[in-house]
Structure formats: C-alpha cells, structure tokens
Asker: 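Quick one: this structure, given as structure tokens, is what I'll be asking you about.
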Amino acid sequence: DEVIALLQHCANLLRGKGIFVFFDFSQAPLQPRYYRFIAGECGRVFEKLINQAEYLSSLLQFIETHKSMLPKHMVAKKGKIDAYIDKIVSSFLWVLADLYTEGDKEALKALCEEAWKFAEEVDTYLERIIDLRRLHAISLILE
C-alpha cells in the first residue's frame, strides 16, 4: 500500500536524523484500518505506555485463567492492574494521539510529562508484584 510505504519512508528519514518514531498500523480483517505515526518524545512515551498496557493485559489474562490456582493476594491484584490499563488507554494513549495530531505543543508537552510520571508509577508497581510476574513468565514458557 502506498500510504504505508510513504509513512515507512518518512519514519526511516526521521530515524536517520536521530528522531524517535513510533509507527504502527492495523490491517485486521473486518476492522477499519488505522495508522499511528508519532515522532519525538511523544512517540517514545506512547510506545512505553502501549508496551505496559499489553503486558498488563497479559497479566490480567493470566490471573483470569489461573485464578482458582493462584493465592488470593495475587488474584486481588486484578483490580489494580485493570485500573492501570484503563488509565493508560483512556487518559493517555487516545489523548496523546489526539494532541499530537492537533499540534497543541504546550498541552502535548504537559501530557507527555504526566504520562512519563505515570509510566514510572506503573513500573514501580510491576516491581512490587514480582512474584505474580514470575509465575506469569513461567506459564508463558510452559505454553
């Protein structure tokens, strides 16, 4: 597709100049096609948050699948993990993408700073639930 080729070319040019570029596109059947092309610091925090949301979603699925075998204190983490995913998606990803597209530099800069602080909070939380993360990792290895 010409649009994807052009965006990939632009991404490569920017990367060649040392600018971070988050570039992702969807070609899922029966769903509308969408592109995410976000450069600079906004792209960097966007990628961090997407990765965190995907990892948290995987943890959530692990808890759901194995809740009868997991200790209650680990199953209880489900609510907090779900809240983090919700905040990443609703408070940051959609808003960052919109602000980036609109070009509101001041609002974008402020939200990027807030998003980095939140990403650090998520990382700190993930460090605190290391036992759950280890079990999750073992289950992935055994699949």
Side-chain angles (χ1 to χ4, degrees), residues 1-67 69-70 73-143:
D1 175 275
E2 291 178 26
V3 173
I4 293 172
L6 179 60
L7 289 172
Q8 286 173 328
H9 178 71
C10 292
N12 290 335
L13 284 174
L14 290 170
R15 288 177 182 137
K17 295 182 180 210
I19 298 170
F20 181 88
V21 176
F22 177 85
F23 175 52
D24 185 34
F25 59 93
S26 166
Q27 290 185 316
L30 304 175
Q31 291 185 359
R33 188 178 206 157
Y34 68 89
Y35 306 93
R36 290 187 219 141
F37 187 98
I38 304 173
E41 193 63 18
C42 184
R44 194 178 314 278
V45 74
F46 195 89
E47 181 179 69
K48 173 75 173 175
L49 291 170
I50 286 231
N51 290 338
Q52 285 180 330
E54 288 173 354
Y55 181 72
L56 290 167
S57 293
S58 180
L59 270 178
L60 202 57
Q61 183 178 0
F62 169 74
I63 292 170
E64 242 340 279
T65 303
H66 299 93
K67 65 183 169 190
M69 296 181 285
L70 290 172
H73 75 277
M74 287 186 181
V75 175
K77 307 289 184 212
K78 186 178 162 193
K80 181 84 167 175
I81 292 169
D82 195 39
Y84 275 133
I85 294 167
D86 184 56
K87 186 163 183 177
I88 287 170
V89 173
S90 63
S91 297
F92 293 109
L93 294 180
W94 295 115
V95 182
L96 280 169
D98 286 345
L99 287 176
Y100 185 83
T101 303
E102 293 167 6
D104 186 343
K105 291 180 183 179
E106 290 304 313
L108 185 61
K109 182 179 176 183
L111 188 61
C112 282
E113 289 173 10
E114 184 182 340
W116 275 119
K117 288 177 188 171
F118 185 75
E120 289 172 14
E121 178 184 325
V122 172
D123 282 343
T124 300
Y125 178 73
L126 289 172
E127 289 173 17
R128 290 195 318 258
I129 61 167
I130 191 71
D131 292 340
L132 177 61
R133 293 177 56 220
R134 284 183 181 140
L135 288 174
H136 174 247
I138 291 168
S139 78
L140 291 175
I141 291 168
L142 296 176
E143 285 182 350

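Since the structure is predicted, the reported quantities are computational estimates derived from the model, not experimental observations.
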Asker: Of all heavy-atom pairs between C42 and L108, which one has the smallest distance, and what is that distance?
Answerer: SG-CD1, 3.5 Å
Asker: Closer than 3.5 angstrom, by distance alone: can the side chain of D86 be matched with the main-chain N or O of D82 as a donor-acceptor pair?
Answerer: no
Asker: Is any side-chain heavy atom of D98 less than 4.5 Å from a side-chain heavy atom of L111?
Answerer: no
Asker: If we only count heavy atoms from C-beta on, is the V45 to L96 side-chain gap below 4.5 Å?
Answerer: yes
Asker: Using ring-ring contact (aromatic ring centres under 6.0 Å, His included) as the criterion, list what pairs up with F23, not counting sequence neighbours.
Answerer: F25, F37
Asker: Step by step, would you call K48 with F92 a side-chain contact (heavy atoms from CB on, under 4.5 Å)?
Answerer: CA-CA 11 Å; K48 173 75 173 175; F92 293 109; over 6 Å; no
Asker: Check the side chains of Y84 and E121 for a donor-acceptor pair under 3.5 angstrom, ignoring hydrogens and angles.
Answerer: yes
Asker: How far does OG1 of T65 sit from CG of L60, to the nearest 0.5 angstrom?
Answerer: 9.5 Å
Asker: Is there a side-chain contact (heavy atoms from CB on, under 4.5 Å) between E102 and L99? Walk through the geometry before answering.
Answerer: CA-CA 5 Å; E102 293 167 6; L99 287 176; 4.0 Å; yes
Asker: Show your reasoning for whether side-chain contact (heavy atoms from CB on, under 4.5 Å) applies to D24 and I50.
Answerer: CA-CA 11 Å; D24 185 34; I50 286 231; 5.5 Å; no
Asker: Do the side chains of L126 and L56 get nearer than 4.5 Å, heavy atoms only?
Answerer: yes
Asker: Measuring from atom CG of L14 to atom CD1 of I19, what distance do you get when rounded to the nearest 0.5 angstrom?
Answerer: 5.0 Å
Asker: Any side-chain heavy atom of L6 within less than 4.5 Å of one from E2?
Answerer: no
Asker: With distance as the sole test, does T124 use its side chain to make a donor-acceptor pair with the main-chain N or O of E120 at under 3.5 Å?
Answerer: yes
Asker: Heavy-atom distance under 4.5 Å between the side chains of Q52 and D123, does that happen here?
Answerer: yes
Asker: Using atom types as modelled and distance alone, determine if a side-chain donor or acceptor of R36 lies under 3.5 Å from a backbone N or O of A97.
Answerer: no
Asker: L49 and A119: which non-hydrogen atoms are nearest, and at how many Å?
Answerer: CD2-CB, 4.1 Å
Asker: So do the side chains of L132 and I63 get within less than 4.5 Å of each other, counting heavy atoms only?
Answerer: yes
Asker: Listed by chain and number, what are the side-chain contact (heavy atoms from CB on, under 4.5 Å) partners of E41, not counting sequence neighbours?
Answerer: R44, W116
Asker: Classify the angle between the aromatic ring planes of H136 and F62 as parallel (below 30°), tilted (30 to 60°) or perpendicular (above 60°).
Answerer: perpendicular
Asker: Just how far is it from atom NZ of K105 to atom NZ of K109, taken to the nearest 0.5 Å?
Answerer: 11.5 Å
Asker: Going by the side-chain contact (heavy atoms from CB on, under 4.5 Å) test, name the single residue among M69, H66, K67 that passes it with V75.
Answerer: K67
Asker: For the backbone of A39 and the side chain of Y100, can you confirm whether one donor and one acceptor N or O come within less than 3.5 Å of each other?
Answerer: yes
Asker: Between OH of Y125 and CD1 of I81, what distance do you get to the nearest 0.5 Å?
Answerer: 4.5 Å
Asker: With side chains defined as the heavy atoms from C-beta onward, is the minimum distance between H9 and N12 less than 4.5 Å?
Answerer: no
Asker: For the residue pair L93 and F46, what are the closest heavy atoms and their distance?
Answerer: O-CE1, 3.3 Å
